[in-house]
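Letters go in sequence order (proteins before strands), and every chain restarts at 1.
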Amino acid sequence: MAEPAFQSLPGFRDFIPRECAVRNYLFETWRTVARRCGYSEYETPILEDTGLYLKKSGGELSAQLFRFEDQGGRDVTLRPEVTASLARIVAQHQRDFSKPLKWFEIGQCFRYEKPQKGRGREFYQFNVDILGEAGPAADAELIALAIETMLAFGFVAGDFVVRVSDRKAWLDFAVRHGIAEDSIPEFLGIIDKLERENPATLATKLDGFGLTLDSVRGFIANPANASSAYQAILDDLTARGFAAFVALDLSIVRGLAYYTGVVFEVFDAKKSMRAVAGGGRYDTLVATLSNGATDLPATGFAMGDYVIRNLIEETTHTAMQMEVWLQRNAATCDVFVVVADESQRPAALRLVTDLRRAGIAADLPLTPAKVAKQFQSAERSRARFALVVGAEYPALKLKILASRAEESGHADSAVAWLSERLQQPDGPLIA
RNA sequence: GUGGUCGUAGCUCAGCGGUAGAGCCCCGGAUUGUGAUUCCGGAUGUCGCGGGUUCGAAUCCCGUCGUCCACCCCA
């Protein structure tokens, strides 16, 4: 049998330079916004005790774990999300910090799912959390950061909307309609599917709770049912000038079991209303994971790299902004040294070293090549100048690649010469 | 987990029962130290893998692995 060529595992990506650059654009934007808003970066291990995820994440997630036994017989899991790890370390270290904690992490997560558009088995998540503040001001601050992030990518009003809801409103609803406390998760599951499942099965399921589709829809449609927290959040965000980005939507309850209050999702306003980020309040998770040792209210959200990248690339103005960044941050070469006479290669090597040490990006061909070819290499390196080291060394020729103009100089003053030359514009193009 | 789609050169794909093709890319060359265009020349594939049908399979059938897409769920 033929040896099959190795390839990456299903749902896993190779980041060739262009992909890596795109990823860095996302990371840098996330980091910049988070720092600007006063969040500190932290990091947790990507491999954790499986129990961490079985304890409170709930639902589908536990069926999608990259889970295995290590050589020491431990039951371990590649993290499917970072909130559980965060709750763990916060429970352990929170005394060292004044409240509220505003923390963020950019990390890779793993879920054993079937890959498709906007989803792989591995993805990066921008995770932002505020811990130790139970009031709506924290939720508003967090949503503000979500909005700032979208704006930083170049999205504008009309491109996206943050749909905000509150599980508390549904808990009140459940109490009023006599729904037992232990069947509330099931009830919320039905609400979560309101927009996707067909009305007949919905009606059947709701009938089990003595409810009708109309009564539920009526509850969602009535703004008066918004919680007081929602109103406070809306006022807060309005004061920040973000009212245009926020909308009440009680049909949002979110899948994860640990949410306890305000929940929200950032939606793409054009394309089928995909959620590009989501989050909410999880006031009991820290206590649960620390077995009650630490009790901290918390609110957080996550944005994945797949979905936000798709949205950026599908939106003309955000795609252009990213291209500009990629151009600006591409590998650059200020000066490409052309070795026109191989016997002068030692001098060229010395020159390259001097230039580099002076902070000038310099490159040269590693093997002998014809001058014409070296100029092609210079073009491809997108260098601004080609510095020709030839038989006449220490006399040097500097060619401005864009204008094809040429000037002369001397090796002894090359660094100063090039430094000064790099400060100046090239002048009119001589074609 | 369910359903569909597609796997042929590095890339995009054509060929759909009779000895593997095109374009792009790449490499070399066109008066010995200058980039473009053009021209000339060249390389490369176990036709995803395994079985079956057939005188003969890239082509038909089955399986398998992988891709992409939708559902489920979610970032």
Open item on the list: Looking only at side-chain N and O atoms, does A:Glu323 offer a donor or acceptor that is under 3.5 Å from a partner on A:Gln327?
Closed with: no
Task: Inter-nucleotide C1' distance (B:rG15, B:rC60), Å rounded - done: 16 Å
Open item on the list: Under the criterion side-chain contact (heavy atoms from CB on, under 4.5 Å), I'd like the reasoning laid out for A:Val338 against A:Val389: C-alpha separation, chi angles, the key distance, then a yes or no.
Closed with: CA-CA 6 Å; A:Val338 171; A:Val389 179; over 6 Å; no
Task: Watson-Crick/G-U partner (both atom distances under 3.5 Å) of B:rU64 - done: B:rG48
Open item on the list: Quick check for you: among B:rA36, B:rC73, B:rA70, whose closest atom lies nearest to any side-chain atom of A:Glu113?
Closed with: B:rC73
Task: Given B:rG33, B:rU2, B:rC72, the nucleotide with the shortest approach to the side chain of A:Gln116 - done: B:rC72
Open item on the list: For A:Lys399 and A:Gly118, find the nucleotide of RNA chain B closest to each by heavy atoms; which residue's nucleotide sits nearer the 5' end?
Closed with: A:Lys399
TODO: Would you mind classifying the nucleic acid contact of A:Lys114 as base, sugar-phosphate or nothing, using non-hydrogen atoms under 4.0 angstrom?
DONE: base
Task: Identified pairing partner of B:rU2, criterion: Watson-Crick or G-U wobble below 3.5 Å - done: B:rA70
Open item on the list: Base, sugar-phosphate or nothing for A:Arg254? Non-hydrogen atoms, less than 4.0 Å.
Closed with: sugar-phosphate
Open item on the list: I'd like to check, for A:Tyr306, whether its ring lies over the base of B:rA75 with centroids under 5.5 Å apart and a plane angle smaller than 30°.
Closed with: no
Task: Selected nucleotide, minimal atom distance to A:Asp192 side chain, candidates B:rC74, B:rU34, B:rC69 - done: B:rC74
Task: Selection from B:rG28, B:rA75, B:rG3 that lies nearest to any side-chain heavy atom of A:Lys373 - done: B:rG28
TODO: Can you check whether any acceptor in the base of B:rC74 is under 3.5 Å from a donor in the side chain of A:Arg111, or vice versa?
DONE: no
- [ ] Taking atom C1' in both B:rG45 and B:rU12, compute the distance separating them and give it to the nearest angstrom.
- [x] 16 Å
TODO: Give a yes or no on whether the ring-centroid distance for A:Tyr53 and A:Phe110 is below 6.0 angstrom.
DONE: no
Task: Pairwise P distance for B:rC47 and B:rU37, with rounding to whole Å - done: 35 Å
Task: Atom-to-atom span, NZ of A:Lys117 to P of B:rC71 - whole angstrom - done: 12 Å
- [ ] Could you check how far CD1 of A:Ile252 sits from P of B:rA75, rounded to whole Å?
- [x] 12 Å
TODO: Assess the side chains of A:Tyr124 and A:Arg23: does a donor N or O sit below 3.5 Å from an acceptor N or O?
DONE: yes
Open item on the list: By the definition side chain to side chain donor-acceptor pair (under 3.5 Å), identify the one residue from A:Glu105, A:Glu48, A:Glu43 that meets it with A:Ser85.
Closed with: A:Glu48
TODO: Tell which nucleotide pairs with B:rG42, taking only Watson-Crick or G-U wobble pairs whose two distances are both under 3.5 angstrom.
DONE: B:rC26
Open item on the list: Taking any heavy-atom pair under 4.0 Å as a contact, classify A:Ala378: base, sugar-phosphate, or nothing.
Closed with: nothing
TODO: For the side chain of A:Arg404, starting at C-beta, report the closest nucleotide among B:rG33, B:rA70, B:rA36.
DONE: B:rA36
- [ ] Could you check whether A:Ile308 gets within reach of a base, just the sugar-phosphate, or nothing at all, counting any heavy atom under 4.0 Å?
- [x] nothing
Task: Separation of B:rA75 C1' from A:Phe27 CZ (nearest whole Å) - done: 13 Å
TODO: Answer yes or no: does a side-chain N or O of A:Arg380 lie under 4.0 Å from OP1 or OP2 of B:rC26?
DONE: yes
Task: Minimum-distance nucleotide (side-chain atoms of A:Lys193 versus B:rC73, B:rU67, B:rA70) - done: B:rC73
Open item on the list: Base, sugar-phosphate or nothing for A:Glu392? Non-hydrogen atoms, less than 4.0 Å.
Closed with: base
Task: Integer-rounded Å distance: B:rC11 P and A:Ile16 CD1 - done: 11 Å
Task: Euclidean distance for C1', B:rC65 against B:rC49 (whole angstrom) - done: 7 Å
Open item on the list: Under 4.0 Å from OP1 or OP2 of B:rA75: is there any side-chain N or O of A:Gln108 that close?
Closed with: no
- [ ] Give A:Ala277 one of three labels, base, sugar-phosphate or nothing, depending on what nucleic acid heavy atoms sit under 4.0 Å from its own.
- [x] sugar-phosphate
Task: Atom C1', compared across B:rC11 and B:rC74: separation rounded to whole Å - done: 33 Å
TODO: Considering only atom P, compute the distance from B:rU54 to B:rA9 and round it to an integer number of Å.
DONE: 30 Å
Task: Rounded interatomic separation in angstrom, taking CZ from A:Arg79 and C1' from B:rA75 - done: 13 Å
Task: Between P of B:rC74 and CG of A:Leu188, the distance in whole Å - done: 12 Å
Task: Donor on one side chain, acceptor on other, A:Gln125 and A:Glu81, under 3.5 Å - done: no
Task: Whole-Å P distance, B:rG4 and B:rG18 - done: 30 Å
Open item on the list: Heavy atoms only, 4.0 Å cut-off, all strands: where does A:Val276 land among base, sugar-phosphate and nothing?
Closed with: sugar-phosphate
Open item on the list: Categorize A:Asn127 for me: base, sugar-phosphate, or nothing, with a 4.0 angstrom heavy-atom threshold over every strand shown.
Closed with: nothing
Task: Pairwise 5' ranking along RNA chain B for A:Ala340 and A:Asp305, keeping only the more 5' one - done: A:Ala340
Task: Interatomic distance where OH belongs to A:Tyr112 and C1' belongs to B:rU2 [whole Å] - done: 15 Å
Open item on the list: Just to be sure I understand the rule, does A:Gly107 reach a base, reach only the sugar-phosphate, or reach nothing, if contact means heavy atoms closer than 4.0 Å?
Closed with: nothing
Open item on the list: Taking the side chain as everything from C-beta on, heavy atoms only, tell me whether A:Phe242 gets closer than 4.5 Å to A:Ile143.
Closed with: no
Task: Rounded P spacing from B:rG33 to B:rG48 in Å - done: 48 Å
Task: Distance in angstrom units between A:Met303 CE and B:rC74 P, rounded - done: 18 Å
Open item on the list: If only side-chain N and O atoms count, and only distance matters, is there a donor-acceptor pair under 3.5 Å linking A:Ser251 with A:Arg163?
Closed with: no
Task: Residue A:Phe123, side-chain atoms from C-beta onward, closest of B:rG33, B:rA70, B:rA75 - done: B:rA75
TODO: State, yes or no, whether a side-chain contact exists between A:Leu194 and A:Leu213 at a heavy-atom distance under 4.5 Å.
DONE: yes
